[in-house]
Amino acid sequence: VKTNVSLRSRRLEWPANLSSDDLIDLGWAPKPITQFILKVHSRCNLACDYCYIYEMGDSTWQSQPIAMSEDVTRQAALRIREHAKRYELDQVSIVLHGGEPLMLNAARLRSLLDILVGELEPDVSVDLAMQTNGTLLTSDRLDILLRHAVSIGISLDGDETTHDLHRKTRTGEGSYSQVVQGIERLLDSEAGFLFTGFLVAINNASNPSVVYESLAAFDPPAMDFLLPHGNWTALPPNHDPNKTLYGDWLVQLFDYWYDISALKPRIRFFESIMNKINGGESLTETIGLSESKLVVIETNGNYELVDVMKSAYSGAAATELNVFDDPLDSVAELPTVAVRQIGAAGLSAQCASCSLMDVCGGGYFPHRYKAGYGFQLPSVYCNDLQRIIEHIQSRIDLERNGGSSD
Amino acid sequence: MTQEALARRIGVSEVSLNAWVNGRAAPRKKALAVIDALYDESLLISNDGALAVERFDGKGLARLDSDQLDQLLRGGSDSKSIELIKISQQRELLTRLQRVIDLCPPNAQSAVELLEVAKNQSPDKWLNAISYPHVAVWLSACQASLQLNGCIEYDEIAYLRALAVSVAWQCEVTDFNQRLNDGLRKVVLPGLGYCAPGVLAEARRVGVVSRRGRLTLVIDGKKFPLPEHWDDAGEYWTPLRSINVTHSNLTLDLKIDDVDPYGATNTSYGAFSAARRYQLPESEADKWKDTIAQAWLYLVDNHFEFAREISESLSLLVPIYDTEIQHSCSYRDGFGAIVTTPDWGIAATAQVLVEEVQSMKLKALHHLVPLHDVTDPTPRYLPLWTSIPQSFEMVIEYFYASAAAAELWKARYESSFGEDKFDADLKLAWRNAWAEGLADQLIDCGHLTPAGKRMTAAVVQRASSLALQATPKARNFSRRRFIDRRICLRVQNVDYPEDVIERLKRAWLGGLPCPASVALQYSFRADVEPTFGWKRRDQLARIRTAHPKQFSILLEDPASIASLWPGVTLADVHQVNGSYDKAIELYLDAIEEKPDNCEAWAGLANACAQAGNRYSNSLGRFPEVVLRLYVELKQDGNIDVQPLELAEWLSPLLLQLDDSSMKVEADQR
């Protein structure tokens with residue numbers, strides 16, 4: 001199986017134009033991949049208008065098989081085991097993704113999980129997880145997910161109005177009520193402890209406290225807020241490079257969240273910034289200079305780069321490599337993967353000289369893209385990131401000095 | 001027993017009994033209690049006094065002949081009787097477990113099913129796992145919840161879920177999932193250990209999954225793999241620590257449980273309220289191990305029979321916080337577990353093991369043979385050794401254990417020197433006093449069943465056959481100590497209704513004789529431990545006995561008392577020295593100065609009691625009446641009233657009262 005999209009058909013931009021020697025000169029050395037995102041179904045039952053797979057630059061989904069076959073699943077598992085053995089990994093993380101992974105019916109979901117676990121364990125321990133829109137969390141699927149201890153993250157954008165603005169069904173109606181039903185089924189079931197939290201796409205026109213409270217009502221362990229996908233060529237929605245519309249929204253959310261003294265959901269985006277300010281580690285690849293250690297395996301078995309690269313241009317995530325022909329090492333050696341493992345050496349000159357570089361890390365990799373320049377630019381959210389980081393820094397300083405936010 | 005007789009015993013009609021049998025109606029709580037008692041009674045099945053218990057697994061009856069039963073009632077045992085106790089405990093536990101399972105709410109069904117899977121998979125391991133002592137304690141909590149609220153509570157269900165995981169793991173059930181209840185800071189798997197990743201503090205939803213026998217804790221979707229075997233420590237897993245020591249082919253195999261939530265000691269399950277140690281540091285656990293190991297050697301070498309009994313019956317040690325004195329207890333339901341403060345030396349630890357195993361055995365005996373009327377659990381008996389009213393069950397438990405305890409003290413007396421020897425002698429005296437003081441009263445109180453009377457006679461026979469008499473010096477010392485303590489207790493804790501005192505006051509002021517017909521019904525504040533007087537005098541008496549020169553300094557130089565013995569008065573010193581007249585004179589001065597000086601009143605009453613003067617029967621036994629009347633009169637401006645004069649005036653009333661009963665009068669109100 002080979003991808004139809006060839007990198008060679010496109011003029012090589014940074015970092016695809018780097019050779020192995022260039023990478024080694026930049027301090028790169030081979031590192032293991034520990035997280036595998038399996039696109040087990042390439043279609044979705046929703047039609048969110050901001051979706052980077054179906055609604056943005058990439059059109060490769062049209063050529064993908066609808067679901068991952070047993071052969072591809074088995075071969076992917078063998079490649080993962082091979083990779084784990086080489087790097088002596090005790091445990092790997094596999095995330096079921098889509099499209100919508102629960103478009104698989106219960107029988108196929110069971111079969112897929114049985115194959116993955118059967119091929120990998122006991123040699124390699126598998127931490128299974130899933131990112132779903134939540135609408136198809138039916139009791140039979142929940143039983144299977146529980147049986148394999150698949151952690152479940154759900155995409156929910158906030159209150160009903162905010163959520164339904166973008167996350168619509170194929171008939172154009174809001175999906176909120178369907179998602180809520182799914183969440184309630186999950187939380188009421190024996191599998192409730194597998195719920196990891198919400199993935200939230202930020203809408204800067206919404207009220208942050210309303211969004212927060214509507215999510216907190218489900219008592220999630222965590223909320224992962226994502227800046228909408230976009231880059232210097234395809235700007236994010238409601239974005240003005242000269243203003244900090246997203247930064248301001250994040251500041252409001254941070255203050256609201258930070259001032260809650262009771263047990264509250266974790267927000268990894270904020271915690272990462274706080275950790276970095278305090279000299280710790282980032283918890284997410286959207287902040288800091290965390291090494292990228294993940295690869296995507298498409299339904300046809302192709303290896304791809306981090307999924308949201310597709311928001312840059314059609315085929316941006318493609319690699320020409322696949323599970324049948326290529327070991328995972330060959331993905332790890334790709335320049336687009338390697339430059340995300342070399343820290344500040346992979347940043348633009350502007351980022352490298354920025355005082356916030358250690359905390360920000362240049363922002364999320366796909367957000368740095370500009371046609372003709374590749375990915376060696378500051379994030380399209382540079383001003384927003386600066387706004388939120390400096391605000392968090394000031395809050396921390398204030399607290400250290402014994403002041404209050406008021 | 002015929003159906004008619006059974007209905008009569010339960011106190012219902014035959015029609016009602018038939019309705020229960022046919023499932024048309026269910027018995028009420030009161031009838032259920034009678035049925036339970038009958039069930040217990042039915043275990044004693046033989047006319048010749050032999051005992052038989054049906055094994056839960058259908059392997060026939062475990063029998064004890066009459067001699068073995070007598071041995072058990074006397075305080076001894078053999079392997080067969082310990083086995084019979086264990087079988088009866090398991091039988092009881094399984095009955096109660098089934099009752100709880102039958103009433104479990106739907107949200108606990110997965111745990112119930114998991115227990116069932118484990119039972120089918122490996123019945124022997126299941127029985128062993130479910131026999132963990134705290135399971136029975138948890139069942140008691142479930143039973144209490146059912147009685148109080150009509151349902152099993154959140155915490156009890158949480159325990160059931162954790163128990164199911166623990167049992168399944170031990171039974172090698174390979175694949176299962178179990179949601180655990182929210183809000184936990186530590187996931188405790190009963191009998192195995194605990195897992196406590198840092199994120200648990202903020203956990204919303206916690207569960208456990210097992211795949212191919214490998215257990216993984218899942219906290220809000222995050223996985224924390226545990227070791228393949230529960231005995232192995234892991235990054236997130238801490239197994240219960242074990243003590244395993246063998247000496248002369250006799251093994252003690254104990255677990256230290258410092259995490260199980262049902263290891264909590266409170267008045268429902270233990271003998272006293274005490275904060276338990278939560279998660280002992282490694283160094284303290286090692287210290288425990290070391291002391292228990294040494295105590296084991298001591299026991300095996302010196303008291304082999306006790307050691308054998310402990311080896312066969314004890315499986316769990318629950319540490320509690322250190323206090324000024326050593327505390328220990330066993331659970332009413334949790335056979336195999338004892339609770340104790342840290343060690344106070346090898347011999348003391350050995351003593352704790354022996355005494356608590358005796359108590360544990362007596363508690364288990366209640367399940368085998370009804371020893372007394374169990375329908376009255378009110379703590380209202382005041383035995384010599386305590387100022388806190390005890391239930392009858394506790395009283396006979398102390399009584400049962402006292403012979404064994406005295407035996408150990410006797411051995412310690414014979415092998416000790418100096419002050420240790422005196423202490424052992426004293427303790428032996430106390431134990432003898434308990435046994436002597438209790439035996440007749442136990443029999444007289446009317447609560448004992450025929451088996452209970454047999455037990456009492458057997459214990460007395462054993463104590464006397466062992467010739468466990470303390471020296472006269474220790475006996476005298478302990479008698480004085482008991483008197484002083486009781487006086488302090490009464491002065492501080494006993495109260496009378498206003499109208500009684502008012503009537504006495506009017507009679508006194510009217511120059512009338514004391515009205516002997518006044519009903520002196522008083523109340524007793526059972527929750528207050530006497531905090532003054534007797535302990536200091538007790539310490540002084542020890543000094544006088546062991547270090548006479550040091551004591552004489554106090555007499556020769558009264559000014560030194562305050563610096564050497566803060567809180568002690570010269571009157572105390574004279575009293576301990578036996579100069580009762582001088583002591584009384586000084587106490588009276590103190591009372592004159594401050595009429596409600598409880599310390600002085602207790603000292604005065606004690607000095608009178610010790611002196612055996614004419615006030616000893618009134619003031620010595622009912623000091624609180626004299627005190628209360630005196631204070632009232634003084635407050636009303638009667639400056640001439642004298643304590644001893646008042647005590648004499650009250651004599652006709654007080655002498656007719658009988659305070660010899662152990663019974664605390666609180667319940668007479």
Side-chain angles (χ1 to χ4, degrees), chain A residues 90-95 113-114 116-118 120-132 142-154 183 186-199 216 218-224 260 262-268 271 283, chain B residues 105-114 117 157-158 160-162 164-165 168 173-185 187 195 197-229 234-236:
Chain A
D90 294 331
Q91 188 180 36
V92 295
S93 164
I94 294 179
V95 183
L113 290 167
D114 284 346
L116 284 174
V117 173
L120 284 161
E121 290 189 336
D123 296 347
V124 186
S125 169
V126 192
D127 182 1
L128 288 161
M130 163 180 285
Q131 187 59 41
T132 172
L142 281 171
D143 285 346
I144 295 161
L145 296 175
L146 176 60
R147 181 173 158 60
H148 285 283
V150 181
S151 304
I152 302 165
I154 296 176
I183 296 167
L186 167 64
L187 297 185
D188 289 344
S189 76
E190 283 288 311
F193 60 83
L194 295 168
F195 179 45
T196 54
F198 293 122
L199 191 64
F218 296 100
D219 196 18
M223 301 175 186
D224 279 340
I260 294 171
L263 177 65
K264 55 194 172 192
R266 306 187 69 177
I267 298 183
R268 290 194 297 174
E271 288 183 1
L283 308 169
Chain B
N107 65 349
Q109 277 312 306
S110 63
V112 170
E113 286 163 15
L114 183 55
V117 169
I157 294 170
L160 173 64
R161 286 175 174 276
V165 171
V173 178
T174 51
D175 286 352
F176 63 86
N177 316 292
Q178 186 60 226
R179 186 170 178 166
L180 300 176
N181 285 46
D182 310 342
L184 302 166
R185 296 290 172 269
V187 173
C195 19
V199 294
L200 211 48
E202 295 186 347
R204 263 92 175 158
R205 299 165 195 93
V206 183
V208 165
V209 294
S210 169
R211 295 289 164 268
R212 298 176 184 172
R214 183 80 189 261
L215 215 60
T216 299
L217 184 69
V218 185
I219 302 168
D220 292 329
K222 193 169 166 54
K223 323 276 170 51
F224 300 89
L226 306 185
E228 284 187 37
H229 197 268
E235 192 177 352
Y236 315 109

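Proteins come first, then strands; the chains are lettered A, B, ... in the order of their sequence lines, and each starts at number 1.
- Between chain B and the residues A:Gly197, A:Ala191, A:Ser189, A:Ala222, the most heavy-atom pairs under 4.5 angstrom are made by A:Ser189.
- A:Pro265 touches chain B through backbone and side chain together, each having a heavy atom under 4.5 Å away.
- Separating the CD atom in B:Gln109 from the CD atom in A:Glu190 is a distance of 10.5 Å, to the nearest 0.5 Å.
- Per-residue counts of heavy-atom pairs under 4.5 Å with chain A were compared for B:Ser110, B:Gly221, B:Pro225; the largest is that of B:Gly221.
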Distance-only check: which donor-acceptor pairs under 3.5 Å involve side-chain atoms of residues 207-216 of chain B, not counting sequence neighbours?
from     : atom 1 : to       : atom 2 : distance (Å)
B:Ser210 : OG     : B:Thr174 : O      : 2.7
B:Arg211 : NE     : A:Arg147 : O      : 2.2
B:Arg211 : NH1    : B:Phe176 : O      : 3.4
B:Arg211 : NH2    : A:Leu146 : O      : 3.1
B:Arg211 : NH2    : A:Arg147 : O      : 2.1
B:Arg211 : NH2    : B:Asn177 : OD1    : 2.4
B:Arg212 : NH1    : A:Glu121 : O      : 3.1
B:Arg214 : NE     : B:Leu226 : O      : 2.6
B:Arg214 : NH2    : B:Leu226 : O      : 3.2

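- Between B:Arg205 and A:Phe218 the shortest heavy-atom distance is NH2-O, 2.9 Å.
- Residues A:Lys264 and B:Glu202 are not in side-chain contact: their nearest non-hydrogen atoms beyond the backbone lie 4.5 Å or more apart.
- Atom CG of B:Asp220 sits about 8.0 Å away from atom CG of A:Asp219, to the nearest 0.5 Å.
- Among A:Leu263, A:Leu194, A:Val117, the residue making the largest number of heavy-atom pairs under 4.5 Å with chain B is A:Leu263.
- Shortest non-hydrogen contact noted between B:Arg204 and A:Pro221 is CD-CA, 3.9 Å.
- With B:Lys223 as reference, A:Ser151 is the one residue of A:Ser151, A:Ser93, A:Ser125 to meet the side-chain contact (heavy atoms from CB on, under 4.5 Å) rule.
- In this view, B:Ala164 and B:Ala111, B:Leu114, B:Leu115 satisfy the side-chain contact (heavy atoms from CB on, under 4.5 Å) rule, not counting sequence neighbours.
- With a 4.5 Å cut-off on non-hydrogen atoms, A:Asp143 does not touch chain B at all.
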